[in-house]
Each structure stands twice: as structure tokens, then as C-alpha cells.
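Read the structure below first, then the notes.
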Amino acid sequence: MSEVRVRFAPSPTGSPHIGNMRNAVFDWLFARHSGGRFILRIEDTDRTRLVPGAVEEIMRDLRWLRLEWDEGPEVGGLCGPYFQSERVELYQSYARQLAEEGKAYYCYCSPERLAEMRKEQEARRESIGYDRRCRDLTPDEAERLKGESETGVVRFRMPLSGTTTFKDVVRGEISFDNALQDDFVILKSDGFPTYHFASVVDDHDMLISHVIRSEEWVSSTPKHIRLYEALGWEPPLFVHPPLIVGPDRTKLSKRHGAVAFSSYIEEGYLPETILNFLALLGWSAGEDRDLYSIDELIEKFTLEGIIDHPAVFDTAKLQWMNGQYIRACDPDRLVELTLPYLQRAGLMAESPSPDELRYAREVIRLMQERMAVLSDAPKLCDFFFVDQPEYDPKATDKWLSKPQAADLLNKVADSFESAPEWNIESIENAVRAAGAELGLEGGQVIHPVRVGVTGRTVGPGLFETIEVQGRERSVARLRTAARIAAREAAG
RNA sequence: GCCGCCAUAGUGCAGUGGCCUAGCACACCUCUCUUUCACGGAGGCAGCACGGGUUCGAAUCCCGUUGGCGGUACCA
């Protein structure tokens, strides 16, 4: 096989979504696996749907996932330009060539007429697409219609009989009846090519060996096959991975909630999670495993492993996987990743001091086993960063309303103040000793103390929490809590 | 409607004619660890869409049915 060259060819009409990025993952993995090239091409041929900033977002998402492209915007390459809008002359010249050779023709039908035609076809419950009115115009008729309509499009002259067959790498041979194919537009009236035409021209021009694109494209592949034939080119291999669908099993779209890829970045999924998860959405190494490093993915990724049926995007499993990677994460890196979430929540300064940073590191260490996504961090550990925690009414109700609660809390505070050392052991001793004085043990002392120092009933290990929180802060909180307890007991 | 693709537990996969009393993971449930939560550990629940073939033997091959999805634009 000659060199593997694959391309990721998004159109900048909005934010990339999970499905787009899954395809990019497959492209990249295949390129890296086979020592080939991964090319990024921007398909900006629909000028009406262009979204400003979309190209930047695509590149940002790819880079975040560490999917570096070998050719494309910002990195260049021998087959550029990599924006289709900069290649229109190329498409136009090929369209002209096809027209001159009688393999394509100019069509002057107005959008209105086309809409009318479609409506009638629908009413008659038939749909063969364009009625080919302009397919075999005499020169005179062509001249006349051209004068009437001002603008026209170029349509491909599809064979009227026979079948078009191609081999999909994932599904095997697929055949289509030519008579059912449309004389599709290759060049629009604004001079821009349609997807079908531009992608064929570019895939050939950029020496693409494998066209990897999602399943929604299989039914237009016969158009592309005929185009390659008409242009006298060898078609690439077609690979159609399955669609990624929502919980309702339909194609991912806005109505499925978080579709923008960036929303997963914001929620705090790690790149290695997303890469691992996306790789497994429509592909399998044929093993009973779920966790793969990037290197393992590259090593194991083959086209044969691509599944041939749609995959439902399961957020629950994504979360689980992210938890796995968070736990495996280097602590320093985890701090770096989590800090922005704390800062955005107003829990940390924008430019923290070394002390504050050290403190945050300790706190995050305690959170590492408890986070599923990074955005969990603020609500999990906010009490570490404020002067006084908010006391959860349910918690105070349950643990601070006992007659001895205020006493206990004050005693613990006393012994914290007088403790010669401040470490987990001394803290535990102090707490247990204070409880013993009142004839309390186990949960009877630990729960009230936890509520006293954190304001809530759940959290990391009590003694670790107190140690990290510090003596001063813990004592102050215990005193406050003791007052609340006294009030509760009295009321 | 027409064309195409697909069909293993709720979800994602493994399985390519006998090793399947169908395996793994998530979710869910139980137990365990434990000061709580989480993590970890041990169990459990739950599936080859249906009907015909082929074969000594079918989740695996063939046909049909049903169902799901995709496409059917001067969008990609």
C-alpha cells in the first residue's frame, strides 16, 4: 500500500461536536498507526452558513485533544491551500472541463421551480430528484434559458442505467441503482463547489488514500465514485464508521444537550479520557478492555476494528472513565488542571501566593479520589477556602442538637489549641480524648466534629481534613459551631 | 414513499460454526472496607429481535419479517 494520507475535513459552520471529533480521532489514530499523514482541511464552501471563529475553535479542540495535524492551516504543507474557499478556481476549472466533455451540464432552473417540482413529487409520492430538464438542451434552448435566468449551476450527468458499486472498508460491497441517483449540482450559482465536488477534487489533489467519514455519507458515495470516474481518477478507499447517536438513537444534534465538544472540556474531562472514550465509540481492539493509553491506541488501531452499527454516547461511562484518569493523574498536573475551576468559583485568587498554592495542592489531593469531572471540585471542597463554612441545616439538626454537642466541640477546640503538634495523629488523639471525657465514642464524636469543622456531613477523612484546614481555622469553626449547638440545644 | 446500512443485557463492546450453561466494562442492586462520601474488593440483576432454512452442530452462514437509523438540497 502506498503512503497513508487521511484528512479531517470539517466545515466551519459551528462548534465541532463529539461526532466530528470522533472522526478526527479515527483519522489521527489511523495515520499514526500506519506512519501516514493526518491532514486538516477546512470545507468552507457554504458561505451562508459560515460561523466566525469556527475554524479557530476546530483547531483549538484538535490541539486540546493532542491531535496534531501534519498538513493544514497554520502548519502548511505541499498540497495547500487547505481552505476550500481558496481553491475555487481549481474546482471551477474541473467543472468546466467536465461540461466541455459532456460529463456535466449547465442548469438554469430557478430555486423556485426546483422547490415546486419537489413539492409535486412529494404529492405524487415519488421522488427522483431533479427532473433533468436542462440535461439535454439544444444550444438554442440553452442560450434562451441562460438569458432568462442570469445565473446557473453545473450539474453532473449521472448514468441513467446500471449500478454503481464500491467497497466500503467497514461494510463490504454496497451497490446503488444509477437510475435512482440525482443529477446533483457540482458548482453552485455563486461559483462555489458543492461538498460532493470539492471533496472529490481535493481528496484526489491532496493524495488522500483513505476517506474516513461517518456513515451519513455512504449514500452519496456513488456520486463520488462517478465523479472520480468522469475525471479519470482512481478513487481512494472509503471508510464509513458508524454514527454516534444520542440516547434516543438519532444522530447527535443540538437537541441532545451538550453537543459542542468544548462543553466537555469545560466540564472538566481530561484529554486522555476523551481520546480513550471516543476511540472506543465505534471501534474495538477486539478485547475485553476499556482503558487504553494513547500509545496503546495507536498501536492497536486498525480499520478492521471499526464497528458497523451506531453507538449511543453514554455520559455515565464517560464520567466513570474520567474518574479513572483523574485518579491516575499526576498530583501536580491535577492541581494545575483544577485551579481554574476553583478560581472561577471565587475560591482561589487569580494569582495565588506560594502558600495559597501549597494549600490548594493539599486540598486537591484529598479530592482526587472523589472527583468525576474537574468541575466537581468547587462544590466538593469550597469549605476549605472560606472563613466560615455554611452550616447545612440538616447536618446541624442531626449532629449539633444533642445536649453534649457544644461541650464536645469546645473541648475539641481546647485540645487543638493546646496540642503540642499538628498532625493527623495528634488531631485524632485530641478528638477521641475529648469525646472520651464526655463518654462519647466513634460516630458520636466524629460526626458532630465533622459538621463543626466543615458544615456538612460528607467529605474526605475527618482528620486529614482538619490537618489540611489548619489549627486556627479549625478552632474558629469549632467555636462557631459550639455556639450554634448551644442554641440548638436550648431551642 | 424510495434507496442504503444495521440488529448480542438499559448502555458500550467481545464473540467470526463446536472451547457459549454467551465473556468484559458502565449503570443499577447487595455485601465488604470505613468516622461520612468516594475509592477499592466480592457477588447479583439483565441479552443473541422474530420466523424459516443450511449443518451432526448456529449468536456466528443464507432467506424473509419486523424494528432502528441514515440519505433523499445551489448544507455539509
Side-chain angles (χ1 to χ4, degrees), chain A residues 9-13 43-46 48-49 107 109-111 114-115 118 121-122 124-130 151-155 168 170-171 174-177 180-182 184-196 198-199 213-222 240 242-243 245 247-251 277 280-291 305 307-321 323-324 327 366-372 380 395 428 431-432 441-447 449-451 454 456-463 465:
Chain A
S11 54
T13 54
E43 310 220 322
D44 53 352
T45 55
D46 185 346
T48 64
R49 293 206 304 154
C107 165
C109 296
S110 68
L114 261 17
R118 248 188 303 273
Q121 287 175 345
E122 216 163 285
R124 275 179 280 140
R125 310 202 115 201
E126 60 179 46
S127 77
I128 339 91
Y130 180 55
T151 58
V153 301
V154 179
R155 284 181 186 276
D168 179 281
V170 178
R171 288 152 239 277
I174 303 178
S175 299
F176 291 83
D177 192 343
L180 267 15
Q181 294 294 322
D182 214 357
F184 60 101
V185 173
I186 59 174
L187 208 65
K188 301 184 267 192
S189 56
D190 64 0
F192 276 72
T194 57
Y195 167 85
H196 303 298
S199 73
R213 57 166 32 164
S214 51
E215 196 188 341
E216 60 194 302
W217 293 108
V218 333
S219 44
S220 38
T221 304
H240 293 110
L243 241 26
V245 298
D248 63 352
R249 298 193 166 276
T250 65
K251 209 165 94 166
F277 192 76
L280 259 26
L281 230 38
W283 172 81
S284 160
E287 306 173 309
D288 280 342
R289 283 178 62 186
D290 290 301
L291 266 15
I307 310 307
D308 60 5
H309 56 271
V312 175
F313 186 78
D314 181 13
T315 315
K317 187 153 186 175
L318 212 214
Q319 288 211 8
W320 164 80
M321 191 176 279
Q324 297 293 314
R327 268 162 251 138
L366 298 182
M367 294 302 136
Q368 187 155 11
E369 298 238 312
R370 271 157 259 262
M371 286 193 281
L380 243 32
E428 176 162 5
V431 171
R432 293 201 191 278
E441 53 182 27
Q444 293 306 304
V445 0
I446 283 174
H447 294 306
V449 172
R450 175 187 296 286
V451 174
T454 69
R456 59 181 76 173
T457 55
V458 299
L462 212 217
F463 309 121
T465 300

Contacts of Q319(A) meeting side-chain hydrogen bond (donor to acceptor under 3.5 Å, both in side chains) (sequence neighbours excluded), chain-then-number -> none
side-chain hydrogen bond (donor to acceptor under 3.5 Å, both in side chains) filter on D182(A), not counting sequence neighbours, yields none
**Prompt:** Just checking G282(A): base, sugar-phosphate only, or nothing, at a heavy-atom cut-off of under 4.0 Å?
**Reply:** sugar-phosphate
Self-check item: Inter-nucleotide C1' distance (A38(B), A59(B)), Å rounded
Solution: 39 Å
Answer yes or no: does a side-chain N or O of R118(A) lie under 4.0 Å from OP1 or OP2 of C74(B)? yes
With sugar-phosphate taken as primed atoms, P, OP1 and OP2 and all else as base, the protein-contact string of nucleotides 29-43 of chain B at under 4.0 Å (heavy atoms; B, S, -) is ------BBBBSS---
Practice problem: Check whether any side-chain N or O of H240(A) sits under 4.0 Å from OP1 or OP2 of G4(B), and answer yes or no. | Solution: no
inquiry  = With a cut-off of less than 4.0 Å, is there a side-chain N or O of K251(A) near OP1 or OP2 of C5(B)?
reply    = no
Say we look at U60(B) and C48(B): how far apart would their C1' atoms be, to the nearest angstrom? 10 Å
Hits for side-chain hydrogen bond (donor to acceptor under 3.5 Å, both in side chains) against D177(A), two or more places apart or cross-chain, chain-then-number order -> none
(Q) On the nucleotide C74(B), are OP1 or OP2 found under 4.0 Å from the side-chain N or O atoms that R155(A) carries? (A) yes
_Under 4.0 Å from OP1 or OP2 of G23(B): is there any side-chain N or O of R289(A) that close?_
no
Exercise. Is the phosphate of C75(B), meaning OP1 or OP2, less than 4.0 Å from a side-chain N or O of K188(A)?
Worked result: yes
Next on the checklist: Any salt bridge linking E369(A) with R327(A)? Criterion: basic side-chain nitrogen under 4.0 Å from a carboxylate oxygen.
Outcome noted: no
Exercise. Please state the P separation for the pair C26(B) and G43(B) - nearest whole angstrom.
Key: 14 Å
Residue set satisfying side-chain hydrogen bond (donor to acceptor under 3.5 Å, both in side chains) with S110(A), at least two apart, ordered chain then number -> E112(A)
Solution key, residues 189-196 of chain A side-chain donor-acceptor pairs under 3.5 Å, sequence neighbours excluded:
unit_1, atom_1, unit_2, atom_2, d
D190(A), OD1, F192(A), N, 2.9
D190(A), OD2, R47(A), NE, 3.4
D190(A), OD2, R47(A), NH2, 3.2
T194(A), OG1, V185(A), O, 2.8
Y195(A), OH, R213(A), NE, 3.4
Y195(A), OH, R213(A), NH2, 3.3
H196(A), ND1, H224(A), NE2, 2.8

Donor/acceptor link under 3.5 angstrom from S284(A) side chain onto base of C13(B) = no
